[in-house]
Student: 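This is the structure I want to talk about, given as structure tokens.
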Amino acid sequence: MRLPDRSAQASLGVLAQLTQGVIGLALLLVGHQHSLSVTSSALAVSAYAIGMAIGRPVQGRALDTAPPRMVLALCGVVHAGGYVLIALAAHQHWAVAYVVFGFLAGLALPPIATQMRAEWPQERPAGQATSVFAFIALLQTLSVLLAPVLFSIVNSASTPTVAMLTVAGVSGVCTVLYALAIPRTRQRSADERRVAVRRYLVLLVLTALLGAVIGSLEVIAPAVAIADGHPGAAGPLVIVATLGMVAAGTAAMRWGARIPTTTMLALALTSEVAGAIVLLIPAPLVVSGVGLVLVSAGDTPAIAALGSQVRERSSGTAEAYGWQSTALGLGVAGGSAVAGGLVPIGAHWSALPALICAVACAAIALRLRSWAVSDCR
């Protein structure tokens, strides 16, 4: 599927979301550079995540009720300014302010993907919605891949603070440019904006479970590499897993218009369950790599399928996608925390949350009879 009329926005969208790919790394390294405690840096990372979780639904409501150009441009400026304040707090050794400004940066994280999900599917036939959501997820994956590269290049030539501000600056400028590139659209009426969360609450639960699977992967790769005595292999394992996500996302983008979302979700969850089972069995790194690919391959298609279902049940309001982003973020945080807690028991046990959450997600989805009725594509 090609979106030629959105190519410029897609490119800007990738660059506008760069900060999401390095926030943990940036705050920890900047804190270390200025001799802040690891605890302060970790709290700043947590505050950022909390701010993002709170901000997403609020931003979504704003996108529904105010001109998207204004909302995105304002968030882009405040978000980039938050990083300047973070750098100032680190330089002055203001530990509390470091955490507070981390929260501010997360709260103002520009809702680029939310705006894409709310607007882009409307320009395609209903049957192509899943393909559009897969395309948007691929853009986010590309952003996550590009961000550490840019940060590392600048950091190697300068300092973590300069690298962080460079990434934030690129993100802020591209967010404003993205906002200016958005076509003017009519605002939703009050009736269109009033969609009760309970109508798609179960989909938020499924999204959170999927997020927990994704969060587990962030721990599993380095854990199994270290346990095997090859910590340097953690990076390649992450890259391989990400490539699996990209490949599956590309397939979902290509075939999403031909496969019902129920079928796509079933295939995605089957892949995740199979991969998690492989990861639970102590085996050579090559086998673990296969397990990581299987799990990650289900992520993008599942996100795309759930996005289509949220669109169906919420009339495509930006607020609904904001809540979905919050659910995904909370799931990622929870999955990472639980997987990390299981590492001392055994590296391969860190895959247990991925297995449990993937199975739970499948069980809940199977009980939703309305999925078979709506059969949104």
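These numbers were taken from a predicted model, which means no experiment stands behind them.
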Student: Tell me whether S156 contacts the main-chain N or O of S152 through its side chain, where contact means a donor paired with an acceptor under 3.5 Å.
Tutor: yes

Student: Work out which heavy atom in L15 is nearest to a heavy atom in C174; give both atom names and the distance.
Tutor: CB-SG, 3.5 Å

Student: Which of parallel (below 30°), tilted (30 to 60°) and perpendicular (above 60°) describes H91 and H34?
Tutor: perpendicular

Student: Hey, are the side chains of P111 and R56 touching, using non-hydrogen atoms and a 4.5 Å cut-off?
Tutor: yes

Student: Do V338 and I277 share a hydrophobic cluster (ILVMFWY, side-chain heavy atoms under 4.5 Å, transitive)?
Tutor: yes

Student: Hey, any chance I226 and L285 share a hydrophobic cluster, counting ILVMFWY side chains that come within less than 4.5 Å of each other, even indirectly?
Tutor: no

Student: Minimum heavy-atom separation for G249 and A134, please, with both atom names.
Tutor: O-CB, 3.9 Å

Student: Please find the pair of heavy atoms, one from A248 and one from A297, that lie closest to each other, and give the distance.
Tutor: CB-O, 2.8 Å

Student: Using distance only, find each side-chain donor-acceptor pair of residues 210-224 under 3.5 Å and give its atom names and separation, not counting sequence neighbours.
Tutor:
| from | atom 1 | to | atom 2 | distance (Å) |
| --- | --- | --- | --- | --- |
| S216 | OG | A212 | O | 2.8 |
| E218 | OE1 | S336 | OG | 3.4 |

Student: Please report the interatomic distance OG(S143) to CD1(I112), rounded to the nearest 0.5 Å.
Tutor: 10.0 Å

Student: Could you tell me if T130 and T261 have a donor-acceptor pair between their side chains, going purely by distance under 3.5 Å?
Tutor: no

Student: Could you check whether any side-chain heavy atom of Y200 comes within less than 4.5 Å of a side-chain heavy atom of V197, counting everything from C-beta outward?
Tutor: yes

Student: With rounding to the nearest 0.5 angstrom, report the CG to CG distance, L25 to N155.
Tutor: 7.5 Å

Student: Would you name the heavy atoms of P121 and F133 that are closest together and state the gap between them?
Tutor: CG-CZ, 3.8 Å

Student: Heavy-atom distance under 4.5 Å between the side chains of R313 and V202, does that happen here?
Tutor: yes

Student: Any chain of hydrophobic side-chain contacts (each under 4.5 Å) joining L138 to M245?
Tutor: no

Student: Check step by step if side-chain hydrogen bond (donor to acceptor under 3.5 Å, both in side chains) holds for Q59 and T114.
Tutor: CA-CA 9 Å; Q59 293 168 342; T114 300; 5.8 Å; no

Student: Which hydrophobic side chains are connected to I153, either touching it within the sub-4.5 Å cutoff or through other members that do?
Tutor: V149

Student: Tell me, do M264 and S308 make a side-chain contact under 4.5 Å, heavy atoms counted?
Tutor: no

Student: Applying the 4.5 Å side-chain criterion to the ILVMFWY set and letting contacts propagate, would M164 and V99 be lumped into a single cluster?
Tutor: no

Student: Keeping S158 on the side-chain end and V154 on the backbone end, is there a donor-acceptor pair under 3.5 Å?
Tutor: no

Student: Counting only heavy atoms not in H230, do more than 12 fall under 6.0 Å of its NE2?
Tutor: no

Student: State, yes or no, whether a side-chain contact exists between Q309 and L206 at a heavy-atom distance under 4.5 Å.
Tutor: no

Student: Hydrophobic side-chain clustering at under 4.5 Å (ILVMFWY, transitive links): who's grouped with L107? Put none if nobody.
Tutor: I50, I54, F103

Student: Please set out all donor-acceptor pairs under 3.5 angstrom arising from side-chain atoms of residues 339-357, sequence neighbours excluded.
Tutor:
| from | atom 1 | to | atom 2 | distance (Å) |
| --- | --- | --- | --- | --- |
| H348 | ND1 | L279 | O | 2.9 |
| S350 | OG | A347 | O | 2.5 |

Student: If you measure from CG on L43 to CG on L27, what distance do you get to the nearest 0.5 Å?
Tutor: 11.0 Å

Student: Roughly how far, to the nearest 0.5 Å, is the CD atom of Q17 from the CG atom of L142?
Tutor: 10.0 Å

Student: Using the side-chain hydrogen bond (donor to acceptor under 3.5 Å, both in side chains) criterion, which residues pair with Y178? Sequence neighbours excluded.
Tutor: Q115

Student: Under 3.5 Å, sequence neighbours excluded: what are the donor-acceptor pairs made by side chains of residues 67-84?
Tutor:
| from | atom 1 | to | atom 2 | distance (Å) |
| --- | --- | --- | --- | --- |
| R69 | NE | I182 | O | 2.9 |
| R69 | NH2 | L180 | O | 3.3 |
| R69 | NH2 | I182 | O | 3.0 |
| H79 | ND1 | A105 | O | 2.7 |
| H79 | NE2 | T19 | OG1 | 2.9 |

Student: Measuring from atom CH2 of W94 to atom CG of L85, what distance do you get when rounded to the nearest 0.5 angstrom?
Tutor: 9.5 Å

Student: Decide side chain to side chain contact (heavy atoms under 4.5 Å, CB included) for E272 and C361; before the verdict, give the C-alpha distance in whole Å, the side-chain angles of both, and the deciding distance to 0.1 Å.
Tutor: CA-CA 11 Å; E272 290 186 343; C361 193; over 6 Å; no

Student: Passes side chain to side chain contact (heavy atoms under 4.5 Å, CB included), Y321 versus L63? Steps please.
Tutor: CA-CA 11 Å; Y321 298 123; L63 288 171; over 6 Å; no

Student: Can you see which heavy atom on A10 is nearest to which on F135, and at what distance?
Tutor: CB-CZ, 4.2 Å

Student: Within the 4.5 Å heavy-atom criterion, are Q324 and I303 side-chain neighbours or not?
Tutor: no

Student: Indicate the atoms forming the closest heavy-atom contact of A53 with P57, along with that distance.
Tutor: O-CD, 3.3 Å

Student: Would you say L269 and L265 make side-chain contact, with heavy atoms under 4.5 Å?
Tutor: yes

Student: Roughly how far, to the nearest 0.5 Å, is the NE2 atom of H32 from the OG atom of S41?
Tutor: 9.5 Å

Student: Tell me whether L267 shares a hydrophobic cluster with V246, the cluster being built from Ile, Leu, Val, Met, Phe, Trp, Tyr side chains joined at under 4.5 Å.
Tutor: no

Student: Within the side chain of Q140, is there an N or O that forms a donor-acceptor pair under 3.5 Å with the backbone of A113?
Tutor: no

Student: How about I364 and L209: do any of their side-chain heavy atoms sit closer than 4.5 Å?
Tutor: yes

